[in-house]
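What follows is a set of notes on a single structure, which appears directly below.
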Amino acid sequence: MKRALITGLTGQDGSYLAKFLLDKGYKVYGMHRRTSMDIFERVGDIKNRIQIVDGDLTDTASLIRLLREINPDEIYNLASQSFVPASWTQPISTGNITGLGVLRILEVIRLINPKIKFYQASSSEMFGKAQDNPQTEKTPFHPSNPYAIAKVYGYWITKHYKEAYGIFACNGILFNHESPTRGKQFVTRKISHSVAKIKLGFQECFELGNLNAKRDWGFAGDYAEAMWLMLQQDKPDDYIIATGETHSVREFVEEAFNVVDMPIMWEGEGMNEVGKYNGKIVIKVNPKFYRPVEVDCLLGNPEKAKRELGWEPKTKFKEIARMMVNYDIKRLGEKGLQAVDR
Ligand code: NAP
Ligand code: F7E
């Protein structure tokens, strides 16, 4: 039985990957940092089949202990401070977790067992003000926020440990991927949750930032398989994981409202733009949600992953919006606003 250690178990991707690896017959260890509340909602259904272990990417001693105790065959490093706006308000901890955290694990692998295979959750945010369109594995990085800059460090230190010490280390350069369990701060889930609240009469209107930003949005459930495939190849390499389609925040809003049969009309411009349904304002723009530097458009070319890993995205844009809105409607209906709107 192969053993895999996942950092970031409690996050969106951690839960999808844990389920995927359990289905493949792995013994799964999920790293969890101490929190004051129970945060295992995403892994509730598989919690009893996973070994939950304590550790923190900022605490090298905890990583040494874990690698000695578990001696995993594979490590998937999904833990990070992953919310871009928080990387401006907490730039140093973002650099420490998202950037230096990668080095800590790699160094512990090198010292304890350099045969452990390592997956690093790299990000399309590294392309930032993108130099090519679509972006490929050869596109130069131009990161535009402290999160992306920390990810660039993580990317290069992963490559360096492969080149310098022969560690089987891969970067998955994943474009945005969403799901019903996406954090509610991220734009797609903020929209699906708000649309559900409006549809059920809990709320009248919600606010967004830049409606024109474009992202290549895929489904997190499809992307977990790509992470695993990278570590099953003969040689370690880096891969773009994307859908090859880009859509604006505005399109996601329209699609989410279409799911509940509430077609939106846009009126006005810039900060004064509003979205209306049946003459009533349901969306406003608030400059509070604008970023000091925006990444305007990301679009990935997943050809290499298709060719070499045999991986392809299965879930289309409209299906993702439908899945998310329907999930939020069901959850709000069953649990009520107070239970879910924390
Ligand atoms: P997420 O939902 O924000 O989950 C992040 C995870 O990291 C959580 O389990 C969190 O624990 C954990 N974590 C944060 N700081 C930690 C620390 N100091 N020590 C140990 N664990 C820590 O992120 P996600 O969407 O699943 O993304 C997974 C990874 O892929 C992240 O590295 C992200 O940057 C990267 N990525 C994501 C996307 C995307 O579109 N989702 C795209 C490209 C790359 P708590 O639950 O305790 O906070
Ligand atoms: O923003 C715009 C915002 O926060 C997407 C992380 O998983 O993917 C994610 O980073 C876009 C941006 O994700 C609001 O300005 C408009 O252009 O959902 P997001 P992100 O910043 O793209 C990458 C690949 C990662 O690696 C990250 O870890 O939407 N936007 N209005 C808004 N965004 C938010 N959050 N809230 C708004 O109200």
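Order of appearance sets the numbers: ligands from 1, and atoms from 1 within every ligand.
Within ligand 1, the atoms closer than 4.0 Å to a non-hydrogen atom of Arg182 are 25 (O), 39 (C), 40 (O), 41 (N), numbered from 1 in the order shown. Residue contact check: Asn210 has heavy atoms under 4.0 Å from atoms 16 (C), 31 (N) of ligand 2. Each of the atoms 1 (P), 3 (O), 23 (O), 33 (C), 34 (O) of ligand 1 lies under 4.0 Å from some heavy atom of Ser82. Close contacts of ligand 1 with Ser122, meaning ligand atoms under 4.0 Å from a residue heavy atom, involve 43 (C), 44 (C). Using a 4.0 Å cut-off to heavy atoms of Leu174, the atoms of ligand 1 that qualify are 42 (C), 43 (C). Within ligand 1, the atoms closer than 4.0 Å to a non-hydrogen atom of Gly11 are 2 (O), 4 (O), 8 (C), 9 (O), 26 (O), numbered from 1 in the order shown. Of all the atoms in ligand 2, the ones that sit under 4.0 Å from a non-hydrogen atom of Phe289 are 38 (O). Atom numbering of ligand 2 starts at 1 in the shown order; those under 4.0 Å from a heavy atom of Ser124 are 24 (C). In summary, the atoms of ligand 2 found under 4.0 Å from a heavy atom of Lys190, numbered by their order in the structure, are 37 (C), 38 (O). The atoms of ligand 2 that sit less than 4.0 Å from any heavy atom of Ser82 are 6 (C), 27 (C), 28 (O). Contact atoms of ligand 2 toward Arg182: 6 (C), 7 (O), 8 (O), 9 (C) (distance under 4.0 Å to a heavy atom of the residue). Atoms of ligand 2 lying under 4.0 Å from any heavy atom of Ala213, numbered from 1 in the order shown and given with element: 17 (O). Within the listing of ligand 2, atoms 23 (C), 24 (C), 25 (C), 26 (O) sit less than 4.0 angstrom from a heavy atom of Ser123.
In this structure, Phe127 has its ring center closer than 6.0 angstrom to the ring center of Phe141.
Between the choices Leu63, Val84, Asp13, Leu78, the shortest heavy-atom distance to atom 31 (C) of ligand 1 belongs to Leu78. The option from Phe175, Phe186, Trp217, Tyr147 that lies nearest to atom 36 (N) of ligand 1, judged by heavy atoms, is Tyr147. Residue Ser80 holds the heavy atom nearest to atom 5 (C) of ligand 1 of all those in Ala242, Gly101, Ser80.
When each of Lys151, Glu125, Arg291 is paired with Asn145, the side-chain hydrogen bond (donor to acceptor under 3.5 Å, both in side chains) condition holds for Glu125 and for no other.
Checking Asn210 against Glu294 by side-chain atom types alone, a donor-acceptor pair falls below 3.5 Å. There is a side-chain donor-acceptor pair under 3.5 Å between Thr181 and Ser179. Residues Arg104 and Asn77 bring no donor and acceptor atom of their side chains to less than 3.5 Å of each other.
Looking at Asn176 next to ligand 1, no N or O pair under 3.5 Å apart turns up. Checked against a 3.5 angstrom limit, the closest N/O atoms of Val187 and ligand 2 fall inside it. Polar contact with ligand 1: absent for Thr35 (N/O pair, distance under 3.5 Å).
Ranking the protein heavy atoms by distance from atom 2 (C) of ligand 2 puts Val249 CG2, 3.9 Å first.
Judged by the shortest distance from any of its heavy atoms, Met31 lies inside the 4.0 Å radius around the atoms of ligand 1. Residue contact annotation: Ile97 has a non-hydrogen atom under 4.0 Å from ligand 1. Contact annotation: Tyr147 has at least one heavy atom less than 4.0 Å from an atom of ligand 2. In this structure, Phe83 does not count as a contact residue of ligand 1, since none of its heavy atoms falls inside 4.0 Å of the ligand. Residue contacts with ligand 1 do not include His32, since none of its heavy atoms lies under 4.0 Å from the ligand.
For Lys115, the NZ atom is loosely surrounded, since the number of other residues' heavy atoms within 6.0 Å does not exceed 12.
A cation-pi arrangement is present between Lys190 and Phe289 under the rule of less than 6.0 angstrom and at most 45 degrees off the ring axis.
Asn176 places no side-chain N or O within 3.5 Å of a backbone atom of Trp217 that could act as its donor or acceptor partner. At distances below 3.5 Å, not a single donor-acceptor pair connects side-chain atoms of Asp132 with backbone N or O atoms of Pro134.
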